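To keep things clear, I will list the structure first and then write my remarks on it.
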Amino acid sequence: LSGSGTVDAQMLRGLQALSVEDNKTALAAFTKAVEAQPDFAEAWNKRATVYYLLGRYDASVIDIHKTLTLEPRHFGALSGLALINLALGREREALKAFEAALRVHPNLPGADTHIRELRERIKGKGI
């Protein structure tokens, strides 16, 4: 929780919208939360998620970097960054982000598989 009833209400509205795939409403809610409390990392992270779902990777990466500035150990943001880099074919950057996420959350589901696969692909291309 953010400590602000207004921000928490926006976060709840955004999460409810996400749960029914109403990305437009979710984006508006998380944007209001970010504007109301710019030091609340989770608001930035959730908005980054919506941007990712909308295919707006550049906007998502900006919000992920803001999340990580506020909370460097945010494994969800690191994982999101890895997935974006993977989607964009940036394998080395994806590998670095997955490794960073795994350092923060050693049991992060799927990260070790992605890391193993990326290392194999990169090894084949020469590092």
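Numbers here simply count residues along the sequence, with the first being 1. Since the structure is predicted, the reported quantities are computational estimates derived from the model, not experimental observations.
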Spacing of OG1 belonging to T49 relative to CG belonging to L27, to within rounding of 0.5 Å | 11.5 Å
If a pair satisfies salt bridge (charged side-chain N to carboxylate O under 4.0 Å, His left out) and one of its residues is in residues 50-74, list it, with sequence neighbours excluded.
-> R47-D63
Any residue meeting side chain to side chain contact (heavy atoms under 4.5 Å, CB included) with A28, in chain and number order, not counting sequence neighbours = none
Can you run down the salt bridge (charged side-chain N to carboxylate O under 4.0 Å, His left out) pairs that involve residues 20-34, sequence neighbours left out, and say none if there aren't any?
-> none
For R116, all residues meeting side chain to side chain donor-acceptor pair (under 3.5 Å), sequence neighbours excluded | none
If you look at every heavy atom in L102 and A111, which pair is closest and at what distance?
-> CD1-CB, 3.8 Å
Between atom CZ of F98 and atom NE2 of H114, what is the distance when rounded to the nearest 0.5 Å?
-> 4.0 Å
Can you list the residues that meet the side chain to side chain contact (heavy atoms under 4.5 Å, CB included) rule with N23, with sequence neighbours excluded?
-> L18, V50, L53, L54
Connected hydrophobic set around I62, excluding itself, where side chains approach under 4.5 Å = none
What heavy-atom pair brings N45 and G76 nearest, and what distance separates the two atoms?
-> OD1-C, 4.1 Å
Minimum heavy-atom distance between S2 and Q37, given as atom pair plus value | O-NE2, 3.2 Å
A33: side chain to side chain contact (heavy atoms under 4.5 Å, CB included) partners, not counting sequence neighbours = V7, Q10, M11, A43
Looking at CG of L70 and CD of E42, how far apart are the two atoms once the value is rounded to the nearest 0.5 Å?
-> 11.0 Å
Sequence neighbours excluded - ring-ring contact (aromatic ring centres under 6.0 Å, His included) pairs with any residue from residues 70-92 = F75-H105
With L78, the side chain to side chain contact (heavy atoms under 4.5 Å, CB included) member among L83, T67, L68, I64 = L68
Any ring-ring contact (aromatic ring centres under 6.0 Å, His included) pairs touching residues 31-52, not counting sequence neighbours?
-> Y52-Y57
Just jot down the side chain to side chain contact (heavy atoms under 4.5 Å, CB included) partners of V61, sequence neighbours excluded, or say none.
-> H65, L81, I84
Restricting to pairs with a member in residues 77-91, which pass side chain to side chain donor-acceptor pair (under 3.5 Å), not counting sequence neighbours?
-> N85-R90, E91-R121, E91-K125
Residue pairs passing the salt bridge (charged side-chain N to carboxylate O under 4.0 Å, His left out) test where at least one lies in residues 95-115, sequence neighbours excluded | E99-R119
Which heavy atom in A48 sits nearest to a heavy atom in S60, and how many Å separate them?
-> O-OG, 2.8 Å
Heavy atoms only: give me the nearest A17-A26 pair and the separation to one decimal.
-> CB-N, 3.5 Å
